[in-house]
Protein chains: 2
Amino acid sequence: MQVESRRTQAERRAETRGLLLTAARKLFAERGFAETGTPDIVAAAGVTRGALYHHFADKTALFAAVVEAEHAAVAQGIEAAGDAMPTDPVAALLAGGNAFFAAMRDEGRRRILLVDAPAVLGRAALDEIDARHGLETLVCGLRDAMDAGAIRRLPVEPLAQLFGALFDRAALAPVERQAEFQQAMAAMVEGLRA
Amino acid sequence: MQVESRRTQAERRAETRGLLLTAARKLFAERGFAETGTPDIVAAAGVTRGALYHHFADKTALFAAVVEAEHAAVAQGIEAAGDAMPTDPVAALLAGGNAFFAAMRDEGRRRILLVDAPAVLGRAALDEIDARHGLETLVCGLRDAMDAGAIRRLPVEPLAQLFGALFDRAALAPVERQAEFQQAMAAMVEGLRA
DNA sequence: TGAATTAACATACAGGCTGTATGTATGCAA
DNA sequence: TTGCATACATACAGCCTGTATGTTAATTCA
């Protein structure tokens with residue numbers, strides 16, 4: 001097995017870390033955090049528990065890494081849609097919301113980010129992650145809209161948090177009611193017009 | 001101890017059940033579901049694990065009972081405030097929100113209902129509990145407001161769910177930002193006026 | 001009223017999971 | 001090439017959950 005051995009340490013490290021993250025993401029998405037054991041994860045990743053605890057402090061830290069990655073993916077999806085944004089600030093907010101919903105189509109992602117993460121990591125830690133990725137975009141969108149005089153001037157960050165809660169909840173709605181939720185969402189956004 | 005023995009079975013049952021529920025509520029509130037073991041609970045209640053598993057199918061069922069009780073308490077607090085409701089439907093909605101915030105002052109209650117419950121019981125089960133207690137009031141308030149022509153006509157249940165999400169999120173805000181959140185909340189409610 | 005039945009627990013046990021401690025092999029640096 | 005650190009693998013201890021079994025007291029029924 002000399003061929004395998006001729007890898008640099010950084011390569012080995014990156015590979016096992018990646019295997020662990022993808023295996024964990026898959027199982028956390030399917031069964032949730034509490035119902036997924038570390039033996040399951042390492043078996044799916046093809047490594048041992050020793051590797052897991054070498055790379056992550058504990059099971060929660062692994063979960064946090066998965067959450068971070070999912071969050072980044074969502075943010076990236078929204079950023080990508082941001083290239084073709086409407087000029088009207090309110091319309092832009094709604095477009096951003098649609099991009100969010102598109103990113104949240106995946107049920108496993110909803111489970112990880114919206115159901116398990118708050119309980120496992122705590123609201124505070126999750127808000128901190130959120131602040132690093134998604135929230136900033138939303139805050140900017142709202143501030144732009146306010147500066148343009150399109151919506152009422154209100155405390156920006158709290159408003160952004162509330163919007164986040166609305167989007168999270170709407171994303172969690174059953175598919176067949178999705179349309180109604182979107183309608184109600186749109187009305188609430190429109191209601192903020194100055 | 002013949003004096004103790006002269007209790008009917010229903011009395012014994014009710015007492016131990018009550019002891020278990022109060023002990024569990026206290027520990028779940030302080031440490032959360034995952035960090036609270038059944039040995040801790042029965043020790044605090046002064047009974048044995050046998051009693052716990054005689055009264056509840058498992059740890060999750062005990063937690064569900066605690067959630068149910070907390071939910072009922074919140075609903076009762078809102079109902080009580082409902083006696084002195086403003087005639088304006090929108091003002092009534094805001095008043096109901098304030099009653100909700102008052103009921104949610106307790107940090108342990110927030111942890112149980114807003115942080116742990118969704119992950120432990122799942123959104124679906126939690127929605128079902130919610131439908132039995134709090135949601136109905138909110139739905140009625142919104143429908144009244146719509147019928148009175150005070151707010152726009154929108155799908156009622158989705159709107160109620162979204163409102164619930166807003167209230168939950170606002171209740172979770174740090175104390176020093178509570179005022180800003182309330183301001184933003186009020187603006188969103190006002191925005192729905194017809 | 002007393003014998004049988006059942007409810008309400010208490011005790012004991014088996015299995016699994018988490019985190020840690022220890023052992024080993026490989027890349028790397030001097 | 002020798003020593004060291006990194007990247008794991010293995011082994012172990014402790015705890016926790018759920019269940020199976022045993023015991024006591026209340027209830028029922030003949």
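Hydrogens, waters and symmetry mates play no part in the numbers below; they use all other heavy atoms, side chains included. Numbers restart at 1 for each chain; the letters A, B, ... are given by sequence-line order, proteins then strands.
- Contact annotation: A:Thr38 does not reach the phosphate of C:dG19 (side-chain N/O to OP1 or OP2, under 4.0 Å).
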Give me, pair by pair, the N or O atoms of the protein and of nucleotides 21-23 of chain D that are less than 3.5 Å apart, along with how far apart they are.
none

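- Listed by chain and residue number, A:Arg49, A:Leu52, A:Tyr53, A:Lys59 satisfy the side-chain contact (heavy atoms from CB on, under 4.5 Å) test with A:Thr38 (two or more places apart in sequence, or in another chain).
- A:Thr8 has a side-chain polar atom (N or O) that falls below the 4.0 Å cut-off from OP1 or OP2 of C:dC28.
- Between B:Asp40 atom CG and D:dC16 atom C1' the separation is 10 Å, expressed in whole Å.
- Look at B:Arg12 and you won't find any side-chain N or O under 4.0 angstrom from OP1 or OP2 of C:dA8.
- Applying a 4.0 Å cut-off to non-hydrogen atoms, none of the residues of residues 22-32 of chain A approaches DNA chain C.
- Going from atom NZ of A:Lys59 over to atom C1' of C:dT18 covers 9 Å, rounded to whole Å.
- Regarding B:Glu11, its CD atom lies at a distance of 18 Å from the P atom of C:dA7, rounded to whole Å.
- No side-chain heavy atom of A:Val42 sits under 4.5 Å from any side-chain heavy atom of A:Thr48.
- Nearest-nucleotide assignment on DNA chain C puts the 5′-proximal partner with B:Gln9, out of B:Arg49 and B:Gln9.
- Taking atom CG of residue A:Leu62 and atom P of nucleotide C:dT18, one finds them 11 Å apart after rounding to whole Å.
- When the salt bridge (Lys or Arg N to Asp or Glu O under 4.0 Å) test is applied to B:Arg169, the partners found at least two apart in sequence or on another chain are A:Asp127.
- Sorted by first then second residue, the side chain to side chain donor-acceptor pair (under 3.5 Å) pairs that include residues 78-87 of chain A, not counting sequence neighbours, are A:Glu79-A:Thr137.
- The stretch residues 50-58 of chain A touches DNA chain D through A:Gly50, A:Ala51, A:His54, A:His55, each having a heavy atom under 4.0 angstrom from the strand.
- At a threshold of 4.5 Å between non-hydrogen side-chain atoms, the residues B:Glu190 and B:Leu94 count as touching.
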